[in-house]
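Notes follow the structure.
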Amino acid sequence: MMPKSMIKGICIFLAALMVLSVGAVIFQVIAAEPSAVPMVAPVTGDNDADYIIPVGIGLFALLAVGICFILPKLRKKEDEAE
């Protein structure tokens, strides 16, 4: 069995990878912005889902990191209260 500190370190590392991957996707979406191209692009009825989905995933990743930090502290307080 691995020690708790190693498991926490692995969880933090994986959460950081999630945040970096979201950043990479957002960077690609911004880099592929059709308004940056000097030619006239046709109106295709595109919506803001290109921005909403990566931001939602990023918020989920930050929530996961927060849970990894806060949940063990709450459990520790419950154990001390008993």
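The figures that follow rest on heavy atoms only: side chains count, while hydrogens, waters and symmetry mates do not.
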Set of residues satisfying side-chain contact (heavy atoms from CB on, under 4.5 Å) with respect to L17, sequence neighbours excluded
F13, L14
Under the 4.5 Å side-chain heavy-atom rule for ILVMFWY, direct or indirect, which residues accompany I12?
V65, F69
Once you round to the nearest 0.5 Å, how far does CG of L20 lie from CE of M18?
11.0 Å
For I53, enumerate each residue passing the side-chain contact (heavy atoms from CB on, under 4.5 Å) test, keeping only those at least two apart in sequence or located in another chain.
A49, I57
Which heavy-atom pair separates V25 from P54 by the least distance, and what is that distance?
CG1-CG, 4.2 Å
Report the residues that fulfil side-chain contact (heavy atoms from CB on, under 4.5 Å) with L71, sequence neighbours left out, ordered by chain and then residue number.
I67, R75
Cluster companions of F60 among Ile, Leu, Val, Met, Phe, Trp, Tyr (side-chain spacing under 4.5 Å)
none
Who passes side-chain contact (heavy atoms from CB on, under 4.5 Å) against C11, sequence neighbours left out?
I7, C68
Cluster membership besides I52, Ile/Leu/Val/Met/Phe/Trp/Tyr side chains within less than 4.5 angstrom, sorted by chain and number, is none
